[in-house]
Novice: 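The structure under discussion is supplied below as structure tokens; questions concerning it will follow.
The first residue in the sequence is number 1, and the count goes up from there.
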Amino acid sequence: MRIEAAHTLGVEEVQRRLDDLIKELVGRQWPAGVEVHDIEARWVDERLDFKFLASRGFFNAAVSGHLTVSGTSLVLDVEIPGVVLMFVGENRIREGLEGELRRLLQA
């Protein structure tokens with residue numbers, strides 16, 4: 001799944017906000033009792049490579065992707081397991097991610 005969002009914050013500010021968001025993901029209350037854990041994130045220039053586990057009960061799903069930041073945009077490329085898409089739906093996930101990016105990129 002690819003999502004693009006425009007911003008006016010500059011590369012360094014977007015990177016700082018993404019770093020803060022990554023730290024916050026573990027403790028956040030997610031719908032339906034989902035927990036996020038085992039987050040790995042690494043910057044390579046303007047690209048943040050990430051992966052984490054999303055769990056509910058005994059079910060774990062590995063999510064991975066990258067965020068690429070430029071001076072005017074942010075591009076999220078994320079691989080969401082098919083079983084997750086079957087139960088949650090691509091549109092619902094896309095809407096949630098787009099909303100999260102809008103909040104992140106507010107000036």
Novice: List the atom pairs, with distances to 0.1 Å, where a side-chain N or O of residues 63-89 and a protein N or O form a donor-acceptor pair under 3.5 Å, not counting sequence neighbours.
Specialist:
from, atom 1, to, atom 2, distance (Å)
His66, ND1, Arg47, NH2, 3.1
His66, NE2, Asp77, OD2, 3.3
Ser70, OG, Thr72, N, 3.3
Ser70, OG, Ser73, N, 3.1
Ser70, OG, Ser73, O, 3.4
Ser70, OG, Ser73, OG, 3.1
Asp77, OD1, Arg2, NE, 2.7
Asp77, OD1, Arg2, NH2, 3.3
Asp77, OD2, Arg2, NH2, 2.9

Novice: Using the side-chain hydrogen bond (donor to acceptor under 3.5 Å, both in side chains) criterion, which residues pair with Arg16? Sequence neighbours excluded.
Specialist: Glu13, Asp20
Novice: Who passes salt bridge (Lys or Arg N to Asp or Glu O under 4.0 Å) against Arg56, sequence neighbours left out?
Specialist: none
Novice: Phe59, Ile93: one ILVMFWY side-chain cluster at the under-4.5 Å cut-off?
Specialist: yes
Novice: Scan residues 31-40 for pairs that pass side-chain hydrogen bond (donor to acceptor under 3.5 Å, both in side chains), counting only residues two or more places apart or in two chains.
Specialist: His37-Ser55
Novice: Are Val14 and Leu105 close enough, and set up right, to give a side-chain contact (heavy atoms from CB on, under 4.5 Å), and what steps lead you there?
Specialist: CA-CA 7 Å; Val14 173; Leu105 298 173; 3.9 Å; yes
Novice: For the atom pair NE2 (His7) and CZ (Arg102), what is the distance rounded to the nearest 0.5 Å?
Specialist: 16.0 Å
Novice: Using 0.5 Å steps for rounding, measure from the CG atom of Leu97 to the CZ atom of Arg92.
Specialist: 12.0 Å
Novice: Tell me, with the steps shown, if Phe52 and Ile22 meet side-chain contact (heavy atoms from CB on, under 4.5 Å).
Specialist: CA-CA 10 Å; Phe52 60 88; Ile22 295 291; over 6 Å; no
Novice: Taking it one step at a time, do Trp43 and Asp19 satisfy side chain to side chain donor-acceptor pair (under 3.5 Å)?
Specialist: CA-CA 10 Å; Trp43 284 102; Asp19 286 338; 2.7 Å; yes
Novice: Between Val26 and Val34, is there a shared hydrophobic cluster once you connect ILVMFWY residues whose side-chain heavy atoms come closer than 4.5 Å?
Specialist: yes
Novice: State plainly whether one hydrophobic cluster holds both Leu53 and Ile39, where clusters connect Ile, Leu, Val, Met, Phe, Trp and Tyr through side-chain heavy atoms under 4.5 angstrom apart.
Specialist: no
Novice: Does Glu12 have any salt bridge (Lys or Arg N to Asp or Glu O under 4.0 Å) partners at least two apart in sequence or in another chain, and if so, which?
Specialist: none
Novice: Excluding sequence neighbours, so at least two apart, what forms salt bridge (Lys or Arg N to Asp or Glu O under 4.0 Å) with Asp45?
Specialist: none
Novice: Distance from Asn91 atom CG to Glu98 atom CD, nearest 0.5 Å?
Specialist: 9.5 Å
Novice: Step by step, would you call Ile3 with Met1 a side-chain contact (heavy atoms from CB on, under 4.5 Å)?
Specialist: CA-CA 7 Å; Ile3 299 173; Met1 177 181 305; 4.2 Å; yes
Novice: Mind checking side-chain hydrogen bond (donor to acceptor under 3.5 Å, both in side chains) for Glu100 and listing every partner two or more places apart, or none if nothing turns up?
Specialist: Arg28, Arg103
